[in-house]
Colleague: 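Let me begin by handing over the structure; questions about it come next.
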Amino acid sequence: GLANALHVKANSLQSLGKLSESLIPCVKALDIYEAVPDIYGMATSYYYLGAIYDSMGNYEDALSNFSFSLKIREDIGDRFGISEALNQIGIVHWKQSNHVEGTKQLFKALKIEEETGDKLGMAVSYNIIGNINSNLGNYDDAIKYYQLAQDICKLLERKKGLVSSYYNIGIIHYELNNFEAALENHLNALKLSN
């Protein structure tokens, strides 16, 4: 219970932008999980540490911690956790402009999500893959993946995901000088945000 409470504290501090401070309770939680031992808790701690380091822009430590989390999740057969870690590893590679490796990891995650029926995970993966394609100027592919994410978010009634997909599609239309479509998508995003 204490270790879980420390994770909550770390997440709260991270959300407030107190990144260095958020490392302390997360490391304490990891120490507790290692002492018990609680393998799943250790994987979660490494995942959270990866997220904090990612937020700090420390991509090497982020990758290291996400990789530890991935290894543990693979060892215990936690397919949801595997796809979650692969997504984050893909994002970090993307942030480092290693688009090939990032895309490879994201498609691994997507395959697991499709096999397990993890619709929300699929929407997240589609959105990230859309971001990578957008960043590379592959606008047709970007819209295709954003639309796939949007379709799932509509099905799941996930407003936050819909806002993101409308916004991203609007950006693509803006880049293509389709200003009417850009405005329509951004207004849809704004309406849902309100």
Side-chain angles (χ1 to χ4, degrees), residues 4 7-19 22 26 44 47-48 50-52 54-57 62 66 69 73 78-95 102-103 105-194:
N4 190 46
H7 279 166
V8 171
K9 182 176 182 179
N11 287 338
S12 297
L13 289 167
Q14 182 184 6
S15 296
L16 293 171
K18 299 178 179 183
L19 302 176
S22 68
C26 201
T44 303
Y47 182 86
Y48 288 153
I52 294 166
D54 179 33
S55 295
M56 295 171 90
F66 285 135
S69 180
R73 305 244 174 149
D78 176 10
R79 292 179 57 108
F80 175 80
I82 292 168
S83 65
E84 187 179 55
L86 287 169
N87 264 332
Q88 293 305 315
I89 290 168
I91 291 169
V92 173
H93 282 297
W94 176 59
K95 288 179 178 178
T103 302
Q105 299 304 318
L106 291 164
F107 275 107
K108 281 184 185 179
L110 182 59
K111 183 177 184 211
I112 293 169
E113 292 155 355
E114 289 172 343
E115 290 171 357
T116 60
D118 179 8
K119 297 280 188 206
L120 183 56
M122 290 166 59
V124 169
S125 293
Y126 287 142
N127 194 54
I128 298 165
I129 294 167
N131 288 343
I132 289 174
N133 279 286
S134 175
N135 186 271
L136 295 173
N138 301 331
Y139 297 132
D140 289 339
D141 286 339
I143 285 180
K144 177 180 88 171
Y145 285 107
Y146 289 145
Q147 189 63 56
L148 288 167
Q150 188 175 78
D151 292 345
I152 291 172
C153 289
K154 283 180 184 176
L155 178 72
L156 299 177
E157 298 180 5
R158 300 285 300 190
K159 289 182 183 178
K160 186 176 179 182
L162 281 171
V163 168
S164 182
S165 63
Y166 278 124
Y167 177 76
N168 289 332
I169 291 170
I171 289 172
I172 299 296
H173 283 299
Y174 181 83
E175 290 294 324
L176 296 172
N177 296 321
N178 299 331
F179 300 120
E180 192 171 311
L183 180 60
E184 178 184 343
N185 278 279
H186 285 149
L187 287 174
N188 284 334
L190 180 61
K191 181 180 176 185
L192 282 172
S193 291
N194 288 334

Colleague: For a 4.5 angstrom cut-off between non-hydrogen side-chain atoms, does V163 reach R158?
Modeller: no
Colleague: If a pair satisfies side chain to side chain donor-acceptor pair (under 3.5 Å) and one of its residues is in residues 180-192, list it, with sequence neighbours excluded.
Modeller: none
Colleague: Look up atom CG in L120 and atom CZ in F80, then write down how far apart they are to the nearest 0.5 Å.
Modeller: 7.5 Å
Colleague: Hey, could you give me the OH/CG distance between Y145 and L106, rounded to the nearest 0.5 Å?
Modeller: 10.5 Å
Colleague: Do the non-hydrogen side-chain atoms of I169 and H173 ever get within less than 4.5 Å of each other?
Modeller: yes
Colleague: Is the side chain of Y146 donor-acceptor paired with the backbone N or O of N131 at a distance under 3.5 Å, no angle test?
Modeller: yes
Colleague: Hey, could you give me the CD/CD1 distance between Q147 and I172, rounded to the nearest 0.5 Å?
Modeller: 12.5 Å
Colleague: Taking C-beta and beyond as the side chain, do K95 and D54 meet within less than 4.5 Å on heavy atoms?
Modeller: yes
Colleague: Roughly how far, to the nearest 0.5 Å, is CH2 of W94 from CD1 of I129?
Modeller: 12.0 Å
Colleague: Enumerate the residue pairs fulfilling side chain to side chain donor-acceptor pair (under 3.5 Å) with a member in residues 105-117, sequence neighbours excluded, ordered by first and then second residue.
Modeller: R79-E115, N87-E113, E101-Q105, E113-S125, E114-Y126
Colleague: Supply the atom-to-atom distance D151 CG to L156 CG, rounded to the nearest 0.5 angstrom.
Modeller: 11.0 Å
Colleague: For the residue pair K119 and I152, what are the closest heavy atoms and their distance?
Modeller: O-CG2, 3.3 Å
Colleague: Given side chains that start at C-beta, do those of S134 and N168 come closer than 4.5 Å, heavy atoms only?
Modeller: no
Colleague: Taking side chain as C-beta onward, heavy atoms only, is F179 less than 4.5 Å from L183?
Modeller: no
Colleague: Checking the side chain of S22 only, and the main-chain atoms of L19 only, is there a donor and an acceptor separated by less than 3.5 Å?
Modeller: yes
Colleague: Minimum heavy-atom separation for F66 and A51, please, with both atom names.
Modeller: CZ-N, 3.3 Å
Colleague: Considering residues, nucleotides and ligands other than D140, do more than 12 of their heavy atoms fall under 6.0 Å from its CG?
Modeller: no
Colleague: Which heavy-atom pair separates H7 from C26 by the least distance, and what is that distance?
Modeller: CD2-SG, 4.3 Å
Colleague: Looking at every non-hydrogen atom in both residues, tell me the closest pair between A109 and S83 and how far apart they are.
Modeller: CB-O, 3.4 Å
Colleague: Identify the two heavy atoms, one from A123 and one from C153, that lie closest to each other, and give their separation to 0.1 Å.
Modeller: CB-SG, 4.0 Å
Colleague: Look up atom CG in L136 and atom OG1 in T103, then write down how far apart they are to the nearest 0.5 Å.
Modeller: 7.0 Å
Colleague: Tell me the closest heavy-atom pair linking G121 and D118, and the distance in Å.
Modeller: N-OD1, 3.0 Å
